[in-house]
Amino acid sequence: MRAAGSLFVPLTLLLCVVLFQWEVIQRTLNGSQFYTFSVCNVGEREQDNWLRTTFIQRRPSASRVFVELQFIVRDCNSFDGASLTCKETFNLFTSESDADVGTTFRKGQFKKVATIAPDEITSKNELRINTETKVVENLSRKGFYLAFQDIGACIALLSVRVYYKTCPATVKSLASFPETVAGGENQALREVSGVCVENAISEELPRIYCTVDGEWVVPVGQCQCKPGYEEVEDECQECKAGSFKAEASGDKCTPCPANTQELDSGAVVCPCMDGFYRAPNDPPTGPCSGLPSAPRDLVATTSAGKLLLTWSPPEDTGGRTDITYSIECQRCEGMVCQSCGEKIRYEPAGVGLTDTKVSVSELDAHLNYTFTVEAHSGVTVLTSQAVPPANRPPSTSALTTSLLYTGEYPPKITAMRVMERSSTSLSLFWDVKPRVHPRPIRYELTYRKKDDNLDVTTYTVLILEKNSVQIKDLVPGTAYLFRVQALSSDGSPGGSSMEEQFETSEHLTQNNTAVIFGVAAGGAAMLFIVIVVLFLKRNSHTRQGPEDTYFSKQLKPLKTYVDPHTYEDPNTAVLKFATEIHPSHITKQKVIGAGEFGEVYRGILKVPGRKEVAVAIKTLKPGYTEKQRQDFLSEASIMGQFSHQNIIRLEGVVTKFKHAMIVTEYMENGALDRYLRDHDGEFASFQLVGMLRGIAAGMKYLSDMSYVHRDLAARNILVNNTLECKVSDFGLSRVLEDDPEGTYTTSGGKIPIRWTAPEAIAYRKFTSASDVWSFGIVMWEVMAFGERPYWDMSNHEVMKAINEAFRLPAPMDCPSAVYQLMLQCWLQDRSKRPRFGDIVSLLDKLLRSPDSLKTIADFDPRISIRLPSTSGSDGSPFRSVSEWLESIKMSQYSENFACAGVVTMDQVLQMKNEDIKNIGVRLPGHLKRIAYSILGLKDQTSTLSVFAV
Ligand code: AMP
């Protein structure tokens with residue numbers, strides 16, 4: 001672009017102040033009158049006629065000006081006889097000055113700019129006007145003069161226009177640039193900085209170049225309209241309502257995408273409409289999607305003991321392609337429905353399915369199942385976060401089907417037991433998984449003497465129509481192994497069979513001695529009914545009953561525990577086994593713990609006529625249901641049946657008043673696990689074994705009563721002020737629900753995995769033998785001063801390790817004999833584990849000869865004090881002594897180390913046992929823990945190993 005600068009000077013202003021031979025003449029051209037400066041001395045020689053302008057002030061940046069002349073030159077030939085001297089050109093001169101010099105004129109100060117020659121010559125008859133432009137370069141002073149020199153021509157100067165060029169103020173690429181005077185020869189391109197227009201931004205300063213010709217070229221740096229604005233004719237304008245722009249860019253605003261709200265003008269984003277969402281990975285500028293509709297055509301088919309669920313994808317995917325499915329299962333027994341939890345197995349999975357089918361196994365026969373298949377998409381998570389579950393509509397994306405699972409055919413045998421035993425016969429009975437439509441089943445029973453030489457074993461095989469049999473002609477006092485298997489009508493065997501061991505009696509005894517009934521000598525009839533009811537009602541929650549060969553050797557207990565659930569009215573059971581206390585006899589003093597049902601208080605029981613005793617009072621929190629009240633009191637019904645030095649003693653119950661309470665003897669030192677952790681290293685092995693002996697005695701009593709505890713753990717043992725340990729925490733279904741260690745298993749129910757025997761985890765085979773396994777873990781907890789079994793391994797890792805025959809290593813400083821006993825308790829084959837009677841005898845023996853405790857089991861410090869003893873929790877070396885001490889729970893000695901000047905781990909590594917003692921670590925247990933840890937620190941290369949049996 002080109003523009004004339006402000007130096008435009010019309011001829012009238014160029015009043016010549018210096019005139020040599022030039023004269024001002026008034027002319028008429030095309031009807032209008034104007035003045036010209038003329039000279040016409042063509043007949044005379046050596047002409048030198050000057051015409052000079054007034055002082056022309058220069059704009060400082062205009063170093064280059066243009067001089068446009070309009071003039072007429074007469075043809076020399078039109079003058080007769082003047083052709084020798086006549087000229088047809090004239091000269092343009094200039095002279096710079098910082099001040100107006102008035103009329104002073106010195107020729108020598110002028111420099112020639114150009115010779116001006118006409119393109120067209122004016123003849124006598126015809127006037128021809130020429131226009132010529134000349135450039136005056138490199139002006140630097142405040143102003144200048146122009147001068148015209150005639151050397152003998154006949155000329156008339158019509159106009160002189162003087163100007164310079166500028167690049168005009170402009171907006172280019174959303175940047176505005178000021179008017180800029182074009183540069184001269186020495187600055188052909190002038191760089192100019194600009195600023196972004198309103199509501200536009202740029203990372204770098206916008207620039208452009210102005211050429212000598214007054215043209216803008218090469219804009220640099222891009223201004224872009226801010227989010228919410230778009231470019232319209234060199235401006236940034238707000239996005240119109242219903243459109244948006246998320247980023248600063250050269251893009252135009254775009255209409256709000258599908259399922260979004262149209263905001264007013266200037267929107268940066270279009271939020272989703274109600275009921276529509278963007279998944280975390282969706283672009284914020286993309287459309288919003290709705291929830292998928294329910295899957296369709298859900299069909300359940302059964303085959304080979306499994307259930308296959310298939311369905312079709314939802315009709316409306318909400319506009320998404322990332323549809324997955326999850327399965328919800330409810331199982332209903334009668335009117336009572338509950339979530340199937342982890343009881344059943346889904347293949348390939350119960351959530352995140354991309355296929356429209358899943359196979360379900362581990363279903364129980366006879367039960368109504370309701371399966372809900374829910375469709376999910378990337379936005380489902382958002383809706384569940386946004387809406388609390390209670391307010392969520394019962395999923396619009398779910399489809400439900402219900403079915404009655406009729407079970408496997410032929411069914412599984414679930415348990416086998418002895419009904420009657422004599423010296424020569426055994427009456428056996430076995431349970432079959434319930435079926436809905438009983439089809440004929442036959443059973444194949446195989447048995448042999450246990451101790452037969454394996455080379456010449458004789459098996460006897462019987463095919464039976466019923467699930468019971470009496471086998472006669474057996475050898476007295478002999479163990480037999482039995483295996484039973486269900487056969488379908490065509491003779492094909494059922495899914496599983498099991499082998500059990502039973503023994504005939506030593507002597508001829510009366511027939512009909514029902515082992516599982518215990519010695520129900522007197523009043524047998526009543527108990528018989530109770531047990532039959534119990535037997536028929538057997539479900540996975542009840543704890544009673546010798547169930548397997550493990551007890552076949554133990555002759556009948558003197559008394560058998562009665563499950564309070566066998567009483568139609570549980571309140572009757574409480575009154576039968578517990579003494580009612582009047583609340584006025586109880587004084588609560590202080591809260592000492594929190595049970596599942598309410599606070600536990602320490603208090604005083606003062607029954608008139610008896611001396612005052614310290615008691616623990618378990619309370620039932622307000623707002624309980626009748627079922628909760630019964631479950632709460634069931635603990636008393638169980639506890640009330642026991643009377644043993646090592647079982648927590650029930651003083652009585654309050655049931656006839658609003659606030660039900662269970663009152664037991666008070667155990668000053670509380671739960672054993674915490675007590676040991678608080679007194680880490682403070683007891684000698686002898687004392688610890690003494691505690692274990694008490695627990696074992698309590699457990700022997702319980703197993704003799706045919707009571708299976710199921711949740712034996714140090715946290716459920718209470719300690720009194722004479723360090724006597726007593727087994728506590730008796731309940732029914734609540735037992736494991738209540739335990740924070742309880743973990744749901746695939747076979748149902750909650751199980752404290754790290755305390756529980758593998759068979760109990762795998763198929764809920766809870767027996768006194770599984771209690772023995774738990775006792776082994778309690779032994780380990782006690783010897784390790786309340787350390788958590790298997791440390792921070794996950795439950796899954798624990799189960800895997802146990803299945804692979806790994807066992808906990810010996811705790812630090814643990815007598816070898818004690819560790820050997822632990823390993824016996826953890827034998828895979830439960831029939832080989834010691835019985836509680838054996839355990840009590842062995843512990844007694846060890847306590848009687850303290851030397852037997854002197855041999856210490858091999859101890860690997862890297863295991864017993866956990867890996868952190870060799871490195872920080874993240875595997876890196878310890879950064880400080882206090883970090884290391886904390887990892888081995890010996891922080892209380894931080895100051896001792898610091899005072900002794902042991903401040904770096906290098907110094908720690910140099911310490912000998914003597915040094916540790918000298919800095920003030922006196923307790924033998926602590927001394928050893930620190931010494932062993934240092935040992936472990938030195939062996940940085942070792943890795944964790946667990947003891948394999
Ligand atoms: P429980 O509901 O039996 O697990 O009891 C909760 C907590 O109360 C226990 O962990 C103990 O700390 C405390 N506790 C329960 N019974 C007694 C008791 N007889 N003597 C002292 N403390 C008890």
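Throughout, numbering of the chain's residues begins at 1 and tracks the sequence. Order of appearance sets the numbers: ligands from 1, and atoms from 1 within every ligand.
- Looking at ligand 1, you won't find any N or O of Glu635 less than 3.5 Å from one of its N or O atoms.
- Not less than 6.0 angstrom separates the ring centroid of Tyr701 from the ring centroid of Phe836.
- Between Phe683 and Phe785, the angle of the ring planes stays under 30°, which puts this pair in the parallel group of the 30/60° scheme.
- Between Tyr666 and ligand 1, no pair of N/O atoms sits closer than 3.5 Å.
- No heavy atom of Arg674 sits closer than 4.0 Å to any atom of ligand 1.
- A centroid separation of less than 6.0 Å is found between the aromatic rings of His709 and Phe730.
- Of all the atoms in ligand 1, the ones that sit under 4.0 Å from a non-hydrogen atom of Ile592 are 21 (C), 22 (N), 23 (C).
- Each of the atoms 19 (N) of ligand 1 lies under 4.0 Å from some heavy atom of Thr664.
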Exercise. Apply the test side chain to side chain contact (heavy atoms under 4.5 Å, CB included) to residues Ile751 and Arg764: give CA-CA distance (whole Å), side-chain angles for both, the deciding distance (0.1 Å), then the verdict.
Key: CA-CA 9 Å; Ile751 287 180; Arg764 301 183 67 77; 4.1 Å; yes

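- Nearest to atom 5 (O) of ligand 1 by heavy atom, out of Val600, Ile717, Asn669, Asp729, is Val600.
- Close approach of ligand 1 to Ala616 (heavy-atom distance below 4.0 Å) involves ligand atoms 17 (C), 18 (C), 19 (N), 20 (N).
- Heavy atoms of Leu718 found under 4.0 angstrom from ligand 1 belong exclusively to the side chain.
- When the shell of 6.0 Å around CD of Gln589 is examined, it contains more than 12 heavy atoms from other residues, nucleotides or ligands.
- For ligand 1, one of its N or O atoms has an N or O atom of Met667 under 3.5 Å away.
- Taking the ring centre of Phe766 as origin, the terminal cationic atom of Arg710 falls inside the region bounded by 6.0 Å and 45° from the ring axis.
- We find the OH-CZ distance between Tyr790 and Phe806 to be 12.5 Å, quoted to the nearest 0.5 Å.
- At a heavy-atom cutoff of 4.0 Å, ligand 1 is contacted by the side chain of Lys618 but not by its backbone.
- Within ligand 1, counting atoms from 1 as listed, the ones closer than 4.0 Å to a heavy atom of Gly593 are 8 (O).
- For Ser728, no nitrogen or oxygen atom sits less than 3.5 Å from a nitrogen or oxygen atom of ligand 1, counting backbone and side chain alike.
- Residues Trp755 and Trp826 keep their aromatic ring centres 6.0 Å or farther apart.
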